[in-house]
Amino acid sequence: YLSRANEAARAAHDTASVTLMLLHQASVMERRGDYAPARTYLQEGLELARQHGYQEDQCDLLGKLGWVMQRLGDYTLSEQYYEEGLLLARGIGYRECEHYLLSRLGVAAWLRGKYMEAEAYFQQGLALVRQQGQEVETICYFINLGSVAWQMKEYEKARKYCEDGLTLAR
């Protein structure tokens, strides 16, 4: 269905819809574990979004490209996509994408063993989602912060973060 929708959008010269369809097609490929075709769809979508000034779409595509590159094992390029997306998201005030990218950058740092960097990203994301009243995301940030604190052997801090998340979840 997505392929047909993409073809119809192309025939109608509706680049905004084509960009969205490419993002959706990439998401399907990514969920299947087919990262190479997902990357291709995302790169095409990003090119279209840049050409036509679809800034929010660029943020979304950069975030998804970062995730796909992380899954393909290219952590450097992954973080470059995340950082570019974060800069753009902040520039246009796209808070939903900003907190997503902060979370992804935190996880990327965590995976590299850069726990203080991960903590800083998670703290920024936590502040943002708390400001927006997003309870589920707030809980996720508390859990991530607790996990990072545990890795740093800051057990009391880890316990506090996890308790804060658990309290909010109740």
Please lay out, stage by stage, how R104 and W67 fare under the test side-chain contact (heavy atoms from CB on, under 4.5 Å). CA-CA 8 Å; R104 297 306 324 148; W67 171 249; 2.7 Å; yes

Working for side-chain contact (heavy atoms from CB on, under 4.5 Å), residues Y161 and E119: CA-CA 12 Å; Y161 282 132; E119 182 180 35; 3.8 Å; yes

With side-chain contact (heavy atoms from CB on, under 4.5 Å) as the criterion, how do L102 and R90 come out once you've worked through the C-alpha distance, each side chain's angles and the decisive distance to 0.1 Å? CA-CA 11 Å; L102 286 166; R90 284 180 168 162; 3.6 Å; yes

In sequence, state the C-alpha distance, the side-chain angles, and the governing distance for Y100 and D60, and then conclude on side-chain hydrogen bond (donor to acceptor under 3.5 Å, both in side chains). CA-CA 9 Å; Y100 169 76; D60 294 334; over 6 Å; no

Might you work through the side-chain contact (heavy atoms from CB on, under 4.5 Å) test for L72 and V68, ending with a clear yes or no? CA-CA 6 Å; L72 287 169; V68 166; 4.0 Å; yes

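Here T138 contributes atom OG1 and Q132 contributes atom CD; the two are 9.0 Å apart, rounded to the nearest 0.5 Å. One distance of note links OG of S103 with OH of Y121; it measures 12.0 Å at 0.5 Å rounding.
The pair D164-K160 meets the salt-bridge criterion, with a side-chain N (NZ, NE, NH1 or NH2) lying under 4.0 Å from an Asp/Glu carboxylate O. One finds a salt bridge joining E30 and K64 here, because a Lys/Arg side-chain nitrogen approaches an Asp/Glu carboxylate oxygen to under 4.0 Å. Between R159 and E156 there is a salt bridge, since a side-chain N of the basic residue sits under 4.0 Å from a carboxylate O of the acidic one. Salt-bridge annotation for R50 and E84: present, with a side-chain N of the basic residue lying under 4.0 Å from a carboxylate O of the acidic one.
For the pair Q43 and L65, the tightest heavy-atom approach, listed with the atom from each and the gap, is CG-CD2, 4.0 Å. In this structure, G165 and I139 approach most closely via the heavy-atom pair O-CG1, 3.7 Å. Of all heavy-atom pairs between L105 and E83, the closest is CD2-CG, 3.9 Å. Looking at every heavy atom in both residues, H99 comes nearest to Y141 through O-OH, 2.5 Å. For the pair I92 and C59, the tightest heavy-atom approach, listed with the atom from each and the gap, is CD1-SG, 4.1 Å. In this structure, E56 and Y94 approach most closely via the heavy-atom pair O-CE2, 3.5 Å.
Among Y82, Y35, Y81, Y75, the one residue that satisfies the side chain to side chain donor-acceptor pair (under 3.5 Å) test with Q70 is Y82. Among Q25, R32, H24, the one residue that satisfies the side-chain contact (heavy atoms from CB on, under 4.5 Å) test with V28 is R32. Each of E96, Q134, R95, Q123 was checked for a side-chain contact (heavy atoms from CB on, under 4.5 Å) with L128, and the lone residue meeting it is R95. Under the side-chain contact (heavy atoms from CB on, under 4.5 Å) test applied with Q58, the options T19, L48, L88 reduce to a single match, L88.
A donor-acceptor pair under 3.5 Å links the side-chain atoms of T167 to the main chain of E163, judged by distance alone.
In this structure, the side chains of C162 and W150 stay at 4.5 Å or more apart for every pair of heavy atoms.
More than 12 heavy atoms of other shown residues, nucleotides or ligands fall within 6.0 angstrom of atom CD in Q151.
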